[in-house]
Amino acid sequence: MHSFKQNDSVMITKIENLKKEIEALKASNAEEVEALRIKYLSKKGEVTSLLAEFRNVPAEQKREVGKLINELKEFATEKINTLKEEVLSNVKEDDTIDLTRSAYVLKRGTRHPLSIVKNEICDIFGKLGFSIAEGPEVEDDWHVFSSLNFAEDHPARDMQDTFFITRNPDVLLRTHTSSVQTRVMEKAQPPIRIICPGRVYRNEAISARAHCFFHQVEALYVDKNVTFADLKQALLFFAKEMFGPETKIRLRPSYFPFTEPSAEMDISCNLCGGKGCSFCKGTGWVEILGCGMVDPNVLEACGIDSKEYTGYALGMGVERITNLKYQVKDLRMFSENDKRFLEEFESAL
Ligand code: DAH
């Protein structure tokens, strides 16, 4: 009997001491909290093992002691949960957010070299009063060929290996941005002064020097009394603005169905200054565009009176101009999206 009583008071003291001990518990991280949980609340933990000793408690005390043990268990569980919450919120405030840390450096993207050069071309013509016009890449025969004075069986149609994208031969990818000339002239009467940048497609094997798509900029000026002298002046202005004030131009007679007379323009080689190098194949000149006076047939096809109005047109490849400015050796670089290549144009923005 005596031993039971002693056992009982020992139990109550044990419970009280454990409660004090648990109340004072501290932890600074999740591992420590887990260690405490194991120490007190796991199967062999100090609180749980009180239940084993509970067997020895005299029957008349069981109610009271049982209640104390349950309360202690609840108390310990709550304490451990509170400690857990504390360390978790501490982690957030103290360890993962360092308000004194400097910000991540976000690298700014770069503009694609072709966009840089296209914008530059458009800006130069913008200074001469040209405004931007755009047209669709999926075109029809009329806008790409027929309206531009290509005869039905004209070999020039073969010159530009066309992609036909359905069985219908009237649905095709434009082979040049000259199609935008027609689109604009059909809708507007002169004066017309437009610059048309865009992507064009030709069925060519892809290599360092050719691609199945590339970019062109077309210019068109139609008004009363527009002459070849106006064209030449605009070309000289463009060449000097684009390649520097020392740049010279020369025009060689050429042929395009949509212009008469037609010419190709060379500029003095901006790599060797005209002395002759491997880039200009020793000639001192490099070809950069085609141009001419708009053929009266084209004006008429688009509903413009060719007796009243004349015009000039020109077209150039953006890749070609970009190569000249930046010496990009392989055309494929422009469409591979290799960041090392693109980042070289960071300073050119
Ligand atoms: N469309 C021609 C081509 O793709 C370029 C061109 C030449 C455009 C002469 C013109 C021009 O407007 O007058 O090769």
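One-based numbering, in listed order, for ligands and for the atoms of each. If you're wondering where the values come from, they're calculated on a predicted model, not measured in any experiment.
- Distances from atom 10 (C) of ligand 1 to the heavy atoms of M265, M293, E218, E260 show the closest one on E218.
- Those atoms of ligand 1 with a heavy atom of T259 less than 4.0 angstrom away are 13 (O).
- Close contacts of ligand 1 with S178, meaning ligand atoms under 4.0 Å from a residue heavy atom, involve 1 (N), 8 (C).
- Close approach of ligand 1 to Q216 is summarised as follows: ligand atoms under 4.0 Å from at least one heavy atom of the residue are 3 (C), 4 (O).
- Proximity of the aromatic rings of H176 and F258 is defined here by a centroid distance below 6.0 angstrom, and this criterion is met.
- The shortest separation from a heavy atom of F258 to ligand 1 is under 4.0 Å, placing the residue in contact.
- Looking at ligand 1, you won't find any N or O of F256 less than 3.5 Å from one of its N or O atoms.
- Remark: ligand 1 atoms within the under-4.0 Å shell around heavy atoms of A313 are 12 (O), 13 (O).
- Counting heavy atoms under 4.0 Å from ligand 1, residue L220 does not touch it at all.
- Taking the six-membered ring for Trp and the full ring otherwise, Y312 and Y221 have centroids separated by under 6.0 Å.
- Here the side chain of E139 pairs no donor or acceptor atom with the backbone of F145 at under 3.5 angstrom.
- Between the side chains of Y40 and E21, at least one donor N or O sits under 3.5 Å from an acceptor N or O.
- Using a 4.0 Å cutoff on heavy atoms, M316 does not count as a contact of ligand 1.
- Of the listed options A263, G315, S262, G315 places a heavy atom closest to atom 8 (C) of ligand 1.
- Y201 has its ring centre no less than 6.0 Å from the ring centre of F214.
- Using a 4.5 Å cut-off between side-chain heavy atoms of Ile, Leu, Val, Met, Phe, Trp and Tyr, with links allowed through other members, V294 and L148 fall into the same hydrophobic cluster.
- Both tests hold for R101 against Y104: distance to the six-membered ring centre under 6.0 Å, angle to the ring axis within 45°.
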